[in-house]
*Asks:* 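The structure follows.
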Protein chains: 4
Amino acid sequence: MRSDARPAATSATGTPKAKRVPRAQREQQMLDAAVQVFSRCGYHAASMDEIAEASDVSKPMLYLYLGSKEELFAACIRREAARLIEAVGQAAEPGLETGEQLRRGLTAFFAFVAEHRESWIVLYQQARAQGEPVVEEVAAARRQVVDAVTLLVRRAALDSVPTPRLGERPDRGEAAAVAQAIVGAADALAGWVLDTGPEPPEETARRLMSVIWIGLEPRLHGARYAADPPTPDEPTPDESAR
Amino acid sequence: MRSDARPAATSATGTPKAKRVPRAQREQQMLDAAVQVFSRCGYHAASMDEIAEASDVSKPMLYLYLGSKEELFAACIRREAARLIEAVGQAAEPGLETGEQLRRGLTAFFAFVAEHRESWIVLYQQARAQGEPVVEEVAAARRQVVDAVTLLVRRAALDSVPTPRLGERPDRGEAAAVAQAIVGAADALAGWVLDTGPEPPEETARRLMSVIWIGLEPRLHGARYAADPPTPDEPTPDESAR
Amino acid sequence: MRSDARPAATSATGTPKAKRVPRAQREQQMLDAAVQVFSRCGYHAASMDEIAEASDVSKPMLYLYLGSKEELFAACIRREAARLIEAVGQAAEPGLETGEQLRRGLTAFFAFVAEHRESWIVLYQQARAQGEPVVEEVAAARRQVVDAVTLLVRRAALDSVPTPRLGERPDRGEAAAVAQAIVGAADALAGWVLDTGPEPPEETARRLMSVIWIGLEPRLHGARYAADPPTPDEPTPDESAR
Amino acid sequence: MRSDARPAATSATGTPKAKRVPRAQREQQMLDAAVQVFSRCGYHAASMDEIAEASDVSKPMLYLYLGSKEELFAACIRREAARLIEAVGQAAEPGLETGEQLRRGLTAFFAFVAEHRESWIVLYQQARAQGEPVVEEVAAARRQVVDAVTLLVRRAALDSVPTPRLGERPDRGEAAAVAQAIVGAADALAGWVLDTGPEPPEETARRLMSVIWIGLEPRLHGARYAADPPTPDEPTPDESAR
DNA sequence: GATGAATGAGCGTTCATTCAT
DNA sequence: GATGAATGAACGCTCATTCAT
């Protein structure tokens with residue numbers, strides 16, 4: 001149960017009990033362990049004892065370096081959120097065509113989730129059920145992503161998506177709604193893949209793009225979903241499908 | 001609400017305290033309070049003391065009727081999930097056209113979330129951060145919804161969406177992915193509306209339909225999102241996969 | 001070690017494990033034990049576990065009834081200070097002649113200390129080394145005593161002790177100084193008796209009165225201690241001795 | 001203070017940090033810091049970390065030189081008690097007249113307290129709330145002072161204060177009681193001056209002498225405080241003893 | 001049926017103390 | 001000689017849970 005087969009990638013010392021490790025490294029060690037435990041048990045059910053043991057350090061070290069359980073959790077959230085955003089941002093090069101940018105971002109996202117299962121679980125499932133200080137941290141990270149997607153959507157739409165009406169909150173426009181839907185769908189698919197077994201991230205990204213992008217483009221040319229066919233003065237969506 | 005006809009043998013006390021309430025009603029009272037408290041504090045941070053006080057019953061009653069904190073939480077989840085599914089199922093009458101069925105289901109969903117804010121928060125945010133027994137409960141409810149949507153998608157697609165290949169897990173087909181995306185998008189929009197202020201559920205449903213349904217129908221006639229073929233000067237996605 | 005021979009004076013139930021005791025009684029039980037432990041170990045060294053065990057209740061009860069370690073300590077201080085002041089105040093009937101009033105007060109004080117050894121130790125030794133909230137409590141009690149003595153001194157002095165000069169702080173007058181000295185001397189004698197073995201409180205009071213009162217009366221007729229005999233215009237104390 | 005003559009073999013580092021300080025000096029440094037911290041926080045609340053930091057040495061040094069927290073505290077007590085006794089003893093030159101000797105000792109005492117506020121607080125307030133080993137140290141110092149005062153008192157009394165009866169403990173005689181009262185009164189006045197603002201030590205000493213010495217001298221000629229004889233209409237104290 | 005009284009168990013946190021360098 | 005790194009052991013406090021009335 002203790003310090004299982006982590007292959008000691010960085011410092012290949014053969015010593016079974018790594019002692020006297022410099023601070024920065026120990027901190028990462030602790031964060032690694034904390035993410036593992038938090039993702040498995042959630043914030044409250046995780047005990048500092050367990051995290052300390054998983055980190056292979058004593059509890060006082062944990063407190064000396066990370067301050068408190070809440071700060072430790074926040075540090076996990078911050079690190080993992082930064083990693084996720086970094087990975088996605090890296091992939092979505094600004095020079096690309098809009099759709100391609102989104103597709104690559106999504107691919108990077110699904111790849112990240114597959115590779116960092118625990119990070120994702122902590123961010124998406126555990127961090128949202130906490131008290132204010134932490135939940136705001138993760139909400140901010142999510143907002144950052146949603147805002148980026150909103151920009152993409154708006155850019156893709158050129159001028160065809162109506163500019164927010166005067167006085168309307170900027171986060172309430174149609175583009176924002178679409179971005180929220182996209183991000184939410186991505187979240188759900190990420191969880192779905194985690195549950196049902198792996199598939200190439202490109203495949204998952206394609207699946208999502210097939211739903212949203214094909215649907216997005218017609219809208220950009222004015223298509224709207226109309227509840228009831230009886231309204232004849234609105235063009236049927238079918239017409240604008242390409 | 002039901003007047004208890006038992007002769008007031010012991011109720012001759014002048015205390016205005018409502019006593020001798022039938023069990024079923026008491027249970028609902030407790031569940032109501034529990035949902036309130038759980039949604040506000042989360043599972044762990046909520047204390048049985050607080051719930052008992054909010055229920056206006058003593059703690060031993062709570063335990064007598066609901067068994068334990070975990071069972072109480074599960075009961076909350078079960079009741080709220082049932083209510084949600086009931087509401088959505090009610091709205092999506094089987095006789096309707098597929099798209100309309102989905103639209104009405106979504107509308108009912110957004111209406112439910114607006115009206116039962118706490119139920120939704122417990123189901124969507126709190127219940128997912130728990131240990132196995134409870135999380136499975138809510139996962140089952142979600143699966144039920146996703147399956148229904150999957151059926152809709154598949155029906156809408158007629159034959160154009162490829163039937164799951166033989167031996168393929170039924171939850172891995174394209175229709176299932178689309179359903180997951182839809183449900184995830186709906187979740188996200190529900191949270192978005194909760195955060196940014198109310199709007200008519202029909203409007204939110206329309207927003208989502210505009211994204212997914214307009215996109216879905218072309219696919220039903222064979223459209224697929226292809227990353228590169230249209231842009232031959234673009235590198236294959238494989239290269240950028242990480 | 002547990003629940004030793006406390007003779008169950010109040011409720012002579014023969015049950016060896018007194019259960020289901022009404023709250024008020026339990027609270028006194030806890031305070032009794034806490035005073036014992038605090039007097040033996042001091043505030044910090046005393047552990048709530050130890051106090052709980054000495055009270056013959058579990059720790060949660062301690063917290064439920066008394067709130068926190070600090071509040072518990074404060075409650076001890078308050079109760080014991082009140083008892084002490086009550087005892088002394090009772091003895092020093094206002095109608096008596098001034099000197100007699102003081103003598104009776106001192107007698108009651110020494111009797112109290114002899115009878116409530118622990119209370120006294122907590123008040124005098126332990127409570128003064130704490131952080132602000134508690135130290136102020138005990139300081140206030142002491143001030144109350146000193147003020148009473150100051151009044152006595154001033155009354156005894158009639159007008160012969162100079163009224164505080166204009167603008168002088170009321171607690172800086174000569175009478176206040178004398179009162180402080182008296183109380184300090186009483187404290188010291190109380191400790192001395194505790195250390196060296198009991199003697200009748202009347203005897204200890206007489207000892208102190210012999211020092212201060214005989215000295216006080218000449219002063220009341222103008223005697224002052226002069227450092228150097230060379231000042232011939234001030235009467236030698238000897239003259240005013242009666 | 002003693003310059004260490006060892007050749008500066010390793011001290012060739014250009015660091016401005018004061019290194020290679022001789023042991024004796026370092027020790028004083030630590031004691032200084034410790035007294036500061038102990039007087040501010042009390043024994044338990046003071047942490048070795050804080051003391052080490054205030055001493056500008058590392059914690060292992062602290063332990064190497066002073067052994068343990070308790071030993072460190074005891075060392076503080078010892079040093080400060082020695083300083084106090086030295087100061088008082090210096091002032092009370094044996095050649096002087098008895099009263100003058102006492103007056104000068106008291107003056108020195110009040111001067112010391114004013115000048116070494118922290119030392120006094122540690123000795124008088126903090127050290128008394130500890131467990132056995134330390135409390136004995138400070139009790140011994142106090143005993144030394146009391147004994148000196150007892151001698152003074154006895155000397156002043158010539159033969160008029162009855163010599164301890166045969167077999168009586170030497171610390172139980174009337175002279176001892178008087179000495180205790182004097183020291184206790186001095187303690188109280190010291191605290192009083194600390195609380196209410198400074199005044200010349202001579203003034204405080206005069207105040208105390210006015211109370212005790214004027215009263216003492218009549219006693220030396222046989223005066224005793226008698227509770228009732230002078231007032232025949234007053235009940236005997238015995239009756240009111242509780 | 002209903003509840004005030006009571007607790008076992010465990011968690012977050014800190015501190016005096018000591019290696020290994 | 002001097003120190004950053006590390007820990008065993010408690011302590012204050014709380015909570016889900018259950019008697020005894």
Side-chain angles (χ1 to χ4, degrees), chain A residues 17-23 25-26 44-52 56-65 67-72, chain B residues 6 9-11 17 19-23 26 44-52 57-65 67-72, chain C residues 17-23 25-26 44-52 56-72, chain D residues 6 9-11 13 17 19-23 26 44-52 57-65 67-72:
Chain A
K17 194 80 174 190
K19 280 195 170 184
R20 202 57 41 147
V21 177
R23 170 161 187 155
Q25 188 178 334
R26 269 271 191 269
H44 278 103
S47 86
M48 292 298 267
D49 274 287
E50 196 175 353
I51 294 173
D56 212 22
V57 297
S58 65
K59 246 189 315 177
M61 283 268 88
L62 222 51
Y63 281 90
L64 186 60
Y65 285 5
S68 75
K69 192 184 188 182
E70 185 152 4
E71 286 176 80
L72 170 58
Chain B
R6 208 173 315 157
T10 58
S11 73
K17 201 82 169 288
K19 281 188 173 187
R20 199 69 34 161
V21 179
R23 168 157 187 157
R26 267 276 152 82
H44 276 101
S47 83
M48 292 298 267
D49 277 280
E50 197 174 352
I51 294 172
V57 298
S58 66
K59 247 189 314 177
M61 281 271 89
L62 215 53
Y63 279 89
L64 186 63
Y65 283 15
S68 76
K69 190 183 187 183
E70 188 151 6
E71 288 176 77
L72 169 58
Chain C
K17 194 81 172 189
K19 280 192 172 186
R20 199 62 37 151
V21 177
R23 170 163 187 152
Q25 188 178 336
R26 269 272 191 268
H44 277 104
S47 87
M48 292 298 268
D49 275 286
E50 197 174 351
I51 294 172
D56 212 22
V57 297
S58 65
K59 243 190 316 176
M61 282 269 88
L62 222 51
Y63 281 91
L64 186 61
Y65 285 5
L66 276 318
S68 74
K69 190 183 188 183
E70 186 153 1
E71 286 176 81
L72 169 58
Chain D
R6 209 174 315 158
T10 57
S11 73
T13 63
K17 202 80 170 293
K19 281 189 172 184
R20 198 68 33 160
V21 179
R23 168 157 187 155
R26 267 277 152 82
H44 277 102
S47 84
M48 291 299 266
D49 277 278
E50 197 174 352
I51 294 172
V57 298
S58 66
K59 245 188 314 176
M61 281 272 88
L62 215 55
Y63 279 89
L64 187 61
Y65 283 16
S68 76
K69 191 185 187 183
E70 187 151 7
E71 288 177 76
L72 169 59

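Residue numbers begin at 1 in each chain, while the letters A, B, ... track the order of the sequences.
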*Asks:* Measure CE/C/Met48 against P/E/dG12 and give the value in whole Å, please.
*Replies:*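 Rounded to whole Å, this separation is 20 Å.
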
*Asks:* Does E/dG1 have OP1 or OP2 under 4.0 Å away from a side-chain N or O of B/Arg26?
*Replies:*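 No, no such contact exists.
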
*Asks:* Where the side chain of A/Pro60 is concerned, which of E/dT17, F/dT3, F/dG8 is the nearest nucleotide?
*Replies:*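 Nearest to the side chain of A/Pro60 among the choices is F/dG8.
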
*Asks:* Working to the nearest 0.5 Å, report the span between OG of A/Ser58 and CE of A/Met61.
*Replies:*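 Those atoms lie 6.0 Å apart.
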
*Asks:* Check side-chain contact (heavy atoms from CB on, under 4.5 Å) between A/Lys59 and all other residues, then give those that pass, not counting sequence neighbours.
*Replies:*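 For A/Lys59 the side-chain contact (heavy atoms from CB on, under 4.5 Å) partners, ignoring immediate neighbours, are A/Met48, A/Asp49, A/Ala52, A/Tyr63.
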
*Asks:* Whole-Å distance between E/dC11 C1' and A/Leu62 CG?
*Replies:*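 That distance rounds to 13 Å.
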
*Asks:* Taking any heavy-atom pair under 4.0 Å as a contact, classify A/Ala46: base, sugar-phosphate, or nothing.
*Replies:*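 Since only primed, P, OP1 and OP2 atoms lie under 4.0 Å of A/Ala46, the category is sugar-phosphate.
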
*Asks:* Which nucleotide, E/dA9, F/dT3, E/dG12, lies nearest any side-chain atom of A/Lys59?
*Replies:*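 Minimum distance to the A/Lys59 side chain belongs to E/dG12.
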
*Asks:* Please tell me which of the listed nucleotides, F/dT17, F/dC11, F/dT7, lies nearest to the side chain of C/Ser47?
*Replies:*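 So the nucleotide nearest the side chain must be F/dC11.
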
*Asks:* Between B/Gly67 and D/Leu64, name the one whose nearest nucleotide on DNA chain F is closer to the 5' end.
*Replies:*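 Final value for this comparison: D/Leu64.
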
*Asks:* Starting at CD1 of A/Ile51 and ending at C1' of E/dT13, how long is that distance when rounded to a whole Å?
*Replies:*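 In whole Å, E/dT13 C1' lies 14 Å from A/Ile51 CD1.
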
*Asks:* Taking all non-hydrogen atoms of both residues into account, name the closest pair between D/Leu64 and D/Arg23 and its distance.
*Replies:*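 Taking D/Leu64 first and D/Arg23 second, the nearest heavy atoms are O-NH2, 4.2 Å.
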
*Asks:* Can you tell me how far the CG atom of C/Asp56 sits from the CZ atom of C/Arg26, to the nearest 0.5 Å?
*Replies:*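 That separation rounds to 7.0 Å.
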
*Asks:* Which listed nucleotide (E/dT17, F/dA6, E/dT3) is nearest to the side chain of B/Met61?
*Replies:*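 Closest nucleotide to the B/Met61 side chain: E/dT3.
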
*Asks:* Please state how far atom NE2 in D/His44 lies from atom C1' in F/dG12, giving the value in whole angstrom units.
*Replies:*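 One finds 15 Å between C1' of F/dG12 and NE2 of D/His44, rounded.
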
*Asks:* Examine E/dA6: is either OP1 or OP2 under 4.0 Å from a nitrogen or oxygen in the side chain of C/Arg23? Give yes or no.
*Replies:*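 Looking at the OP1 and OP2 atoms of E/dA6, neither is under 4.0 Å from any side-chain N or O of C/Arg23.
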
*Asks:* Identify all stems in which DNA chain F takes part, counting only runs of at least 3 consecutive pairs (Watson-Crick or G-U wobble, each distance under 3.5 Å), and give each as one range with another, ordered by first number.
*Replies:*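 Stems found: E:2-21 with F:2-21.
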
*Asks:* For B/Val57 and for A/Lys69, find the nucleotide of DNA chain E with the closest heavy atom, then tell me which residue's nucleotide is more 5'.
*Replies:*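 That would be B/Val57.
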
*Asks:* At their closest point, which heavy atom of C/Lys69 faces which heavy atom of C/Ala46, and how far apart are they?
*Replies:*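 Heavy atoms of C/Lys69 and C/Ala46 come nearest at NZ-O, 2.7 Å.
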
*Asks:* Check whether any side-chain N or O of A/Tyr63 sits under 4.0 Å from OP1 or OP2 of E/dT13, and answer yes or no.
*Replies:*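 Answer yes for this pair, as a side-chain N or O of A/Tyr63 is under 4.0 Å from OP1 or OP2.
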
*Asks:* To the side chain of A/Asp49, which of F/dT14, F/dA16, E/dC11 is closest?
*Replies:*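 The closest nucleotide is E/dC11.
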
*Asks:* Between D/Tyr65 and C/Ser68, name the one whose nearest nucleotide on DNA chain F is closer to the 5' end.
*Replies:*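 Looking at the nearest nucleotide for each, D/Tyr65 comes out on the 5' side.
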
